[in-house]
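Here is the structure we will look at, set down as structure tokens.
If you're wondering where the values come from, they're calculated on a predicted model, not measured in any experiment.
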Amino acid sequence: MRHLSNIIRGQNSQKCASDGAKLSTNTTVNRHLYPINRDMMSSPAKHALDAIDEKILIELQADARLPNIVLADKVGLSPSPCSRRVKILEEAGVVTGYRAVLNRTAIGLDLTVFAGVRVERHSHENADLFVSAVLKMPEVVACHLVSGEVDFLIEVVAPDMATYEETVLRRLLSLPSVRDIRSSFAMRSHLAAGPLPVRRT
């Protein structure tokens, strides 16, 4: 039987125990892990942005549903050149997609968890298998390979603590590559998915 401590960081911090893996406080730099899911993790070629491109990206991050004619007016272009610039940004991989941003609480996802996961060190394949499994979990909204005392930091959303422990945490602990997990729970979110700072000029 392994032991897991869920650390709640906040004004009223408290610790609770659950079946899981023994926590370690040793700090390590994870040079033993290769970049995972190399197609996804590889960086695209840098695309040179001018002031107009930056304005377009700022406007699209604020409202991706802007009609092209409105976007063109906001960035000081006529509609046709503006449309061409947006297409170039898409083809270059600068703009990778458009989607709706949902209010987590409004759809019943009241709990946000940041889980630090350590994986077994004797095989790079274990790390690959872990990422492959995590990316299939709809509750996982972000996954990062990190330095420090854990190997991966994942962001998870769930309706409540019980659901997280009974579904997501149980699935994570069932993965053979998982060595231990430390879960921190967001007490209040002030910014969850902010726009990227693109202005350089």
Decide yes or no for Val146 and Phe152: does some side-chain heavy atom of the first lie under 4.5 Å from some side-chain heavy atom of the second?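 No, too far: nothing below the 4.5 Å cut-off.
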Measuring only between side-chain heavy atoms, which start at C-beta, is Glu139 closer than 4.5 Å to Thr163?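 No, too far: nothing below the 4.5 Å cut-off.
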Would you kindly confirm whether [X] and [Y] end up in one hydrophobic cluster when ILVMFWY residues are joined by side chain heavy atoms under 4.5 Å apart?
| X | Y | result |
| --- | --- | --- |
| Val141 | Met161 | no |
| Leu111 | Val156 | yes |
| Leu60 | Ile58 | yes |
| Leu135 | Val113 | yes |
| Val178 | Val140 | yes |

Separation of [Y] [atom2] from [X] [atom1] (nearest 0.5 Å):
| X | Y | atom1 | atom2 | result |
| --- | --- | --- | --- | --- |
| Leu172 | Glu165 | CG | CD | 12.5 Å |
| Cys82 | Lys55 | SG | NZ | 11.5 Å |
| Leu175 | Arg170 | CG | CZ | 13.0 Å |
| Leu49 | Leu89 | CG | CG | 6.5 Å |
| Ile154 | Phe114 | CD1 | CZ | 11.0 Å |

What pair of heavy atoms forms the shortest contact from [X] to [Y], and how long is it?
| X | Y | result |
| --- | --- | --- |
| Pro176 | Glu120 | O-CG, 4.2 Å |
| Ser183 | Leu169 | OG-CD1, 4.5 Å |
| Arg171 | Pro138 | NH1-CD, 4.4 Å |

Could you check whether any side-chain N or O of [X] sits under 3.5 Å from a backbone N or O of [Y], counting only pairs where one atom can act as donor and the other as acceptor?
| X | Y | answer |
| --- | --- | --- |
| Gln61 | Leu196 | yes |
| Arg85 | Pro81 | no |
| Ser132 | Leu129 | no |

Would you list the atom pairs, donor with acceptor, under 3.5 Å between side chains in residues 95-104 and any protein atom, with sequence neighbours excluded?
{"residue": "Tyr98", "atom": "OH", "partner": "Glu90", "partner atom": "OE2", "Å": "2.6"}
{"residue": "Asn103", "atom": "OD1", "partner": "Thr105", "partner atom": "N", "Å": "3.0"}
{"residue": "Asn103", "atom": "OD1", "partner": "Ala106", "partner atom": "N", "Å": "3.0"}
{"residue": "Arg104", "atom": "NH1", "partner": "Thr112", "partner atom": "OG1", "Å": "3.1"}
{"residue": "Arg104", "atom": "NH1", "partner": "Glu155", "partner atom": "OE2", "Å": "3.0"}
{"residue": "Arg104", "atom": "NH2", "partner": "Glu155", "partner atom": "OE2", "Å": "3.1"}

Lys87 with Glu91: basic N within carboxylate O range, under 4.0 Å: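 Here Lys87 pairs with Glu91 in a salt bridge, since their nearest N and O are under 4.0 Å apart.
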Please assess Leu173 against Ile181 for the test side chain to side chain contact (heavy atoms under 4.5 Å, CB included), listing each intermediate value before the final yes or no. CA-CA 8 Å; Leu173 290 171; Ile181 299 174; 3.6 Å; yes
Using a 3.5 Å cut-off and no angle test, enumerate the donor-acceptor pairs between side-chain atoms of residues 65-80 and protein atoms at least two apart in sequence or in another chain.
{"residue": "Asn68", "atom": "OD1", "partner": "Ser83", "partner atom": "N", "Å": "3.4"}
{"residue": "Asn68", "atom": "ND2", "partner": "Pro79", "partner atom": "O", "Å": "2.9"}
{"residue": "Ser80", "atom": "OG", "partner": "Arg84", "partner atom": "NH1", "Å": "3.0"}

Partners of Thr167 by side-chain hydrogen bond (donor to acceptor under 3.5 Å, both in side chains), sequence neighbours excluded?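 Listed in chain order: nothing, the list is empty.
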How are the rings of Tyr164 and Phe185 set to each other: parallel, tilted or perpendicular (split at 30° and 60°)?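 Answer is perpendicular, since the angle exceeds 60°.
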Quick one: do Asp151 and Arg118 satisfy side chain to side chain contact (heavy atoms under 4.5 Å, CB included)? Show the steps, please. CA-CA 5 Å; Asp151 298 312; Arg118 296 182 67 196; 3.9 Å; yes
